[in-house]
K.L.:
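Just dropping this structure here.
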Amino acid sequence: DTEVTQTPKHLVMGMTNKKSLKCEQHMGHRAMYWYKQKAKKPPELMFVYSYEKLSINESVPSRFSPECPNSSLLNLHLHALQPEDSALYLCASSQVKGSTNEKLFFGSGTQLSVL
Amino acid sequence: AQRVTQPEKLLSVFKGAPVELKCNYSYSGSPELFWYVQYSRQRLQLLLRHISRESIKGFTADLNKGETSFHLKKPFAQEEDSAMYYCALSPTGGFKTIFGAGTRLFVKA
């Protein structure tokens, strides 16, 4: 299995809802990432987990809460989002090899609309 | 500060013509550079990385540290090369990959 799987593919939520995005990979990668991509813009890094520990938080608002329950799963919990949070949320994973940056494997994303 | 600049939002060429997608970067250390590609209705995927010094689908990219550039080149463009191309930078040993704004390549028949 050489894919990163994201669910759901589409999500519509109200500003008072609580929802979660899920990401799964079975490639043995020990680094997992959340990126946010607005239309016609490049992906922007949100969070990085390395060996199931939060390594990078790019000053993301607390209404986004990541979780890495094990080495294969990555969640993004959403609460009290704003309409401007509507975007494509991409999950990615990579190997961890010393000082070498390994390539990112991306999922197909969750298209989120906040009403 | 780390920055990746792709000056062209859209590049349109005829099939068989050479193509060059420009990428310039700003970084104080020795970064690792990548090109990612997104074909229509497909996920973002790696095309090539500078440390591999390989040619993928006929594309090559050379890191020029003096000019801080990592331009992507192909001598003869094909229609199937039409896609969105992102240049990306990552600090050596770090996890923070930063993407340029992207260049949409359109290869005309």
K.L.:
Hey, is NZ on K108(B) packed in by over 12 heavy atoms from elsewhere, all under 6.0 Å?
P.N.:
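Yes - once you tally the heavy atoms of other residues, nucleotides and ligands closer than 6.0 Å, there are more than 12.
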K.L.:
Quick one: closest heavy-atom pair of P42(A) and G100(B), and the distance?
P.N.:
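Answer, listing the atom of P42(A) first, then G100(B): CB-O, 3.0 Å.
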K.L.:
Hydrophobic cluster membership, with links at side-chain heavy-atom distances under 4.5 Å among I/L/V/M/F/W/Y: are L11(A) and V60(A) in one?
P.N.:
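Yes, because L11(A) and V60(A) connect within a single hydrophobic cluster, where side-chain heavy atoms sit under 4.5 Å apart.
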K.L.:
If I compare all heavy atoms of T97(B) with all of Y35(A), which pair ends up nearest, and what's the gap?
P.N.:
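That would be O-OH, 3.1 Å.
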K.L.:
Any chance you could measure F106(A), atom CZ, to L46(B), atom CG, to the nearest 0.5 Å?
P.N.:
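Reported value, rounded in 0.5 Å steps: 9.5 Å.
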K.L.:
For S55(A), which atoms come within 4.5 Å of any heavy atom of chain B: side chain, backbone, both, or neither?
P.N.:
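Just its side chain gets close to chain B.
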K.L.:
How about K15(B): does its NZ atom have over 12 heavy atoms from other parts shown lying under 6.0 Å from it?
P.N.:
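Not more than 12 within 6.0 Å, no.
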K.L.:
Do L63(B) and V4(B) share a hydrophobic cluster, counting only Ile, Leu, Val, Met, Phe, Trp and Tyr and linking them when any side-chain heavy atoms are less than 4.5 Å apart?
P.N.:
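As far as the 4.5 Å side-chain criterion goes, V4(B) and L63(B) are connected within one cluster.
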K.L.:
Do the non-hydrogen side-chain atoms of P43(A) and Y86(B) ever get within less than 4.5 Å of each other?
P.N.:
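Side-chain contact under 4.5 Å: yes.
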K.L.:
By a 4.5 Å heavy-atom criterion (distance strictly below it), what part of E44(A) contacts chain B: side chain, backbone, both, or neither?
P.N.:
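Neither part.
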K.L.:
According to a 4.5 Å side-chain heavy-atom criterion applied to Ile, Leu, Val, Met, Phe, Trp and Tyr, with indirect links allowed, do Y33(A) and Y49(A) form part of one hydrophobic cluster?
P.N.:
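As far as the 4.5 Å side-chain criterion goes, Y49(A) and Y33(A) are not connected within one cluster.
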K.L.:
Should we say atom CD of E80(B) is surrounded by more than 12 heavy atoms from elsewhere, each under 6.0 Å from it?
P.N.:
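More than 12 heavy atoms, drawn from other residues, nucleotides or ligands, come within 6.0 Å of this atom.
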K.L.:
Testing the basics here: between F99(B) and L104(A), what is the closest heavy-atom pair and its distance to 0.1 Å?
P.N.:
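Residues F99(B) and L104(A), closest heavy atoms: CZ-CD1, 4.3 Å.
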K.L.:
Taking all non-hydrogen atoms of both residues into account, name the closest pair between R43(B) and V4(A) and its distance.
P.N.:
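Looks like NH1-O, 2.8 Å.
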K.L.:
So does K103(A) pair up with E32(B), basic N to acidic O under 4.0 Å?
P.N.:
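Answer for the salt bridge query: no.
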K.L.:
What heavy-atom pair brings F95(B) and V48(A) nearest, and what distance separates the two atoms?
P.N.:
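Scanning both residues, the minimum pair turns out to be CB-CG1, 3.7 Å.
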K.L.:
Is it true that atom CZ of F76(B) has more than 12 heavy atoms of other residues, nucleotides or ligands lying nearer than 6.0 Å?
P.N.:
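No, CZ of F76(B) has 12 or fewer neighbouring heavy atoms, counting only those of other groups under 6.0 Å.
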K.L.:
Taking atom CZ of R3(B) as the centre, does the number of heavy atoms from other residues, nucleotides or ligands within less than 6.0 Å exceed 12?
P.N.:
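Not more than 12 within 6.0 Å, no.
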K.L.:
Heavy-atom distance under 4.5 Å to chain A: side chain of K9(B), backbone, both or neither?
P.N.:
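No part of K9(B) comes within 4.5 Å of chain A.
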